[in-house]
Amino acid sequence: MTRRARIERQTKESKVLVELDLDGTGRADVSTGVGFYDHMLDSFSRHSLVDLTVQTEGDTHIDAHHTVEDTAIVLGDALREALGDKHGIRRFGDALVPLDEALVQCAVDVSGRPYCGSLTRHVFETLAFHAQIALHVRVLSSRDPHHLVEAQFKAFARALRDAVAIDPRETGVPSTKGSL
């Protein structure tokens, strides 16, 4: 079973290409033109073990908003496509991640019913909606904004890694409904 996706999206505000492999090793090739966002996506890839290529050209001469949002849209779409019918996955994942003074908890349900509760709301909400996952990110403590956001991305990565892992005991789709 191949759990890969390649999605392209172009608007007047951005041009985005995302390729991912859910069963990768955490290899990342990310270039969005927004250095901090590149750092967060690299961190996501490394800690989720998702191989990730992101090439975004956006209207960063205005600001980073469209670049960040449109990349999250395509990343969410690629996650949804790579998951396919979700046969054999664990479905639920959670992580508690410390980063210096920051402590972040994240829970993921690969349910097909998008929801997001997060302080870094816009990026995670966009990603959750397009990936069709329920995503809860709680900040338990933090002082440094960089550490706060980085811990959120790492917690999301670890929770998603668990949720999309193949469970050898799961013989179908992990739902009493028979589909997700």
Straight-line distance of [X] [atom1] to [Y] [atom2], nearest 0.5 Å:
{"X": "Phe129", "Y": "Glu125", "atom1": "CZ", "atom2": "CD", "answer": "9.5 Å"}
{"X": "Tyr37", "Y": "Thr71", "atom1": "OH", "atom2": "OG1", "answer": "5.0 Å"}
{"X": "Gln132", "Y": "Arg80", "atom1": "CD", "atom2": "CZ", "answer": "5.0 Å"}
{"X": "Glu57", "Y": "Glu13", "atom1": "CD", "atom2": "CD", "answer": "14.5 Å"}
{"X": "Ser118", "Y": "Phe156", "atom1": "OG", "atom2": "CZ", "answer": "10.0 Å"}
{"X": "Ser31", "Y": "Gln55", "atom1": "OG", "atom2": "CD", "answer": "5.0 Å"}

Close side-chain approach of [X] and [Y], heavy atoms under 4.5 Å:
{"X": "Leu160", "Y": "Leu79", "answer": "yes"}
{"X": "Lys15", "Y": "Thr56", "answer": "no"}
{"X": "His39", "Y": "Glu150", "answer": "yes"}
{"X": "Tyr115", "Y": "Leu135", "answer": "no"}
{"X": "Ser14", "Y": "Asp59", "answer": "no"}
{"X": "Phe92", "Y": "Asp162", "answer": "no"}
{"X": "Val139", "Y": "Gln152", "answer": "yes"}
{"X": "Asp144", "Y": "Glu101", "answer": "yes"}

Check whether [X] and [Y] end up in the same hydrophobic cluster, where Ile, Leu, Val, Met, Phe, Trp and Tyr are linked by side-chain heavy atoms less than 4.5 Å apart.
{"X": "Val30", "Y": "Met40", "value": "yes"}
{"X": "Leu99", "Y": "Val137", "value": "no"}
{"X": "Ile73", "Y": "Leu83", "value": "no"}
{"X": "Leu148", "Y": "Val34", "value": "yes"}
{"X": "Val164", "Y": "Val97", "value": "no"}

Open item on the list: Please check this pair: side chain of Ser45 against backbone of Leu41, looking for a donor-acceptor N/O pair closer than 3.5 Å.
Closed with: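 No, Ser45 side chain to Leu41 backbone: no donor-acceptor pair under 3.5 Å.
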Open item on the list: Please check this pair: side chain of Thr2 against backbone of Arg4, looking for a donor-acceptor N/O pair closer than 3.5 Å.
Closed with: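 Checking the backbone N and O of Arg4 against the side chain of Thr2, no donor-acceptor pair under 3.5 Å is found.
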- [ ] Go through the structure and list residues passing side-chain contact (heavy atoms from CB on, under 4.5 Å) with Leu49, not counting sequence neighbours.
- [x]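 Expected list: Arg46, Arg161.
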Minimal non-hydrogen separation, [X] against [Y], with atom names:
{"X": "Ala128", "Y": "Cys116", "result": "CB-CB, 4.1 Å"}
{"X": "Val110", "Y": "Ala163", "result": "CG2-CB, 3.7 Å"}
{"X": "Gly178", "Y": "Val173", "result": "O-CB, 4.0 Å"}
{"X": "Pro174", "Y": "Glu170", "result": "CB-OE1, 3.6 Å"}
{"X": "Ala155", "Y": "Ala95", "result": "O-CB, 3.6 Å"}
{"X": "Ala102", "Y": "Ser142", "result": "CB-OG, 3.8 Å"}

TODO: Answer yes or no: are there more than 12 heavy-atom neighbours, outside Arg138 itself, under 6.0 Å from its atom CZ?
DONE: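 Open.
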TODO: Go through the steps for His47 and Phe153 under the test ring-ring contact (aromatic ring centres under 6.0 Å, His included), then give the verdict.
DONE: CA-CA 9 Å; His47 292 282; Phe153 272 84; over 10 Å; no
Task: Test side-chain contact (heavy atoms from CB on, under 4.5 Å) applied to Asp94 and Gln105, step by step - done: CA-CA 7 Å; Asp94 65 272; Gln105 179 181 32; 5.7 Å; no
Any salt bridge between [X] and [Y], counting N to O under 4.0 Å?
{"X": "Arg91", "Y": "Asp109", "result": "yes"}
{"X": "Arg6", "Y": "Glu19", "result": "yes"}
{"X": "Asp23", "Y": "Arg3", "result": "yes"}

Task: Candidate list Ile7, Asp51, Leu75, Val54, test side chain to side chain contact (heavy atoms under 4.5 Å, CB included), partner Leu20, passing option - done: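 Among Ile7, Asp51, Leu75, Val54, the one that satisfies the side chain to side chain contact (heavy atoms under 4.5 Å, CB included) with Leu20 is Leu75.
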- [ ] For Asp29 and Thr53, test the side chains for any donor-to-acceptor distance below 3.5 angstrom and give the result as yes or no.
- [x]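 No, Thr53 and Asp29 have no side-chain donor paired with an acceptor closer than 3.5 Å.
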- [ ] Report yes or no: do Thr67 and Thr60 form a side-chain donor-acceptor pair below 3.5 Å?
- [x]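 Looking only at side-chain atoms, Thr60 and Thr67 do not form any donor-acceptor pair under 3.5 Å.
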Task: Chi angles and distances behind the side-chain contact (heavy atoms from CB on, under 4.5 Å) call for Val16, Gln10 - done: CA-CA 6 Å; Val16 182; Gln10 185 167 352; over 6 Å; no
Task: Residues clustering with Leu140 (ILVMFWY side chains joined when closer than 4.5 Å, directly or via others) - done: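 Members other than Leu140 - counting any ILVMFWY side chain reachable under 4.5 Å - are Leu96, Leu103.
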TODO: May I have the step-by-step check of side-chain contact (heavy atoms from CB on, under 4.5 Å) for His122 and Glu69, ending in yes or no?
DONE: CA-CA 7 Å; His122 193 55; Glu69 177 181 43; 3.0 Å; yes
